Amino acid sequence: MDRLFSQEVIEETLKIVQREIPLAVWETFYVTLLSTLFAVIIGLPLGVLLVVGEKDGIRPLPKALMSFLNVLINILRSVPFLILMILVFPLTRLIVGTTVGTAASIVPLVIAAFPFVARLVESSLREIDPNIIEAAQSMGASEFEIVTKVMIPESVPSLISNFTIAVTTVLSYTAMSGIIGGGGLGKIAINYGYYRYKYRVMLIAVILLILLVQVFQTVGSKLVVKLDKRLKK
Amino acid sequence: MIEIKELSKTFSSHNGDFEALKNINITINDGEIFGIIGMSGAGKSTLVRCINMLERPTGGSVLIDGVDIGALSAGELRKMRRNVTMIFQGFNLLMQRNVLGNVCFPLELSGVPKKEAEKRALELLETVGLKDKAKSYPAQLSGGQQQRVAIARALATSPKVLLCDEATSALDPKTTRSILSLIKDINKKLGITVIIITHAMSVIEEICDKVAIIDNGEIAETGAVSDVFSSPKSRAARNLVYPEERDYLERSSGQRLLRLVFGGEYSADVPLIAKLAMDKGIAANIIMASTKTIGGNAYGNMLLSFKSDSDFVSAKEYFGSIEKLAAEEVQ
């Protein structure tokens, strides 16, 4: 206990914090948002397909294709992130050229997050009242118009709410990616706390991670309230 | 003109087939307000969805102005739907769009430029009396107001036919009347054919010219509203027109009951029961009586019981000889 609170330790911690933390926060921030963005770019259309392509959907797709998509998503979602990072090394090398570093950590993050996002999109789109889709059909809307003008705009609040969940999940994954050399607060926590027993530094990194989650969640929740026209009174 | 010919619809599931509609034949003339009434599960919602092919019939055809709409390509069908629009029990507005955006929606789908669409939408909102709510969102409106928006939306593409699927079932009686009178106005002003699906007699009485009674997937009876309602022939029609009768029948089991239906001058001026007592010396017991107004004419009906079978027979004969009076035994 004495050692934890000695003058020496506090000074050393402050030095490390000043030197490492600003960059780490920034890295965590942009890796999280960039990975979620890519995950949404892949996961949103996939989630739409899962809903419109099913048997009672507006554009039923072959059963084999739907089963394939579902199994693929389930497989990707069941592999623990720590193992997934190692499994996708070849792909990471192909895309980024290396398997270590902050940029390289984006590849496994996206691979881990897009199936999750697809499921979230699926659940958001299923919340839509089927009668509203029927009404759009009765007005002569095509399948594409139903997706782009009815299903997605009508579920914007739910989608934003779910994307916020995705952001916070990706944020916790970025911390894990510190193990394979991904940058950010996770790396600081592991390198100083786990390898070098500098618990104070680890504690500060963890507190900052918690704060980041708070920030993302607050922004997300505020946005949902602002965008949901059903809540206007 | 809409001609529904030998229409049938069977839903298949692993529990077996279910015939929702069987051999339906209806002709609806231009400019008519045509009511289709039936109990829940009778098939009326399926029937109305066959008129714009939201539901594909498994047999027969639907002809609109001579065109078999079952044979249209997907693109042609979408165009046809601008001509045959629909309003719903649950209004089904886009909750994330404001009122103006909702009315513009079908115009947007048919490629009308935004400015022009908004101008047309505002005109329509004026027609339905909601111009001041253009910037409001559906969640801020009452049910009746939402249905008015839905009506404006349905009129946006200048359709020839308006389908109303239980459009007033979620509204209170006062709002129902105001929505029905709006529909009637639109029918008169624009000459739009209106097809109304409902389970409520009052809706049919209030605005329909003709009615078809659907029971168990079949048309039990069809004709002018005043004819069907003053002398319903089928069991399904009687159940709808005189829903109270069944309760009375259960209570007075074994007794023969006489139903009197009278309209026009007999509705108020002639003391029928007193006349029967004076002329024949028969005392009738009034079990139930009510009046309805159909198309501006008052109709009354009474359920009578008698002390003896012979009284019943002579009373039936007596009333049967009076003009504009229908007397029949209740089964």
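Computed from a prediction, not measured in an experiment: that's the story for all the values here. So you know, we letter chains A, B, ... as the sequences are listed, proteins then strands, and number each from 1.
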Heavy-atom distances under 4.5 Å only: say whether B:Leu93 touches chain A with side chain, backbone, both or neither.
backbone

Would you mind checking which part of B:Leu94 comes under 4.5 Å of any heavy atom in chain A, side chain (CB onward), backbone (N, CA, C, O), both or neither?
both

What part of B:Phe105 lies closer than 4.5 angstrom to a heavy atom of chain A: side chain, backbone, both or neither?
side chain

Heavy-atom pairs under 4.5 Å with chain B are the metric here; pick the option from A:Ser155, A:Ala136, A:Ala141 that has the most.
A:Ala141

Hey, is B:Arg97 close enough to A:Glu154 for a salt bridge, meaning N to O under 4.0 Å?
no

Proximal component of A:Ile133, with respect to chain B [non-hydrogen, under 4.5 Å]:
neither

So that I can tick it off, tell me whether A:Arg59 and A:Glu54 are bridged by a salt bridge, with the cut-off set at under 4.0 angstrom between side-chain N and carboxylate O.
no

For chain B, find which of A:Ile132, A:Leu227, A:Ile128 contributes the most heavy-atom pairs closer than 4.5 angstrom.
A:Ile132

Leading residue by heavy atom contact count with chain A [cutoff under 4.5 Å; candidates B:Met53, B:Gln96, B:Glu108, B:Lys79]:
B:Gln96

Flag the pair A:Phe116 / A:Tyr173 as yes when their ring centroid distance falls below 6.0 Å, and as no otherwise.
no

Residues B:Lys115 and B:Glu118 bridged, charged N to O under 4.0 Å
no

Pick out which of B:Gln145, B:Gln147, B:Arg148 makes a side chain to side chain contact (heavy atoms under 4.5 Å, CB included) with B:Val128.
B:Arg148

Should the pair B:Lys44-B:Asp165 be classified as a salt bridge under the 4.0 Å nitrogen-to-oxygen rule?
no

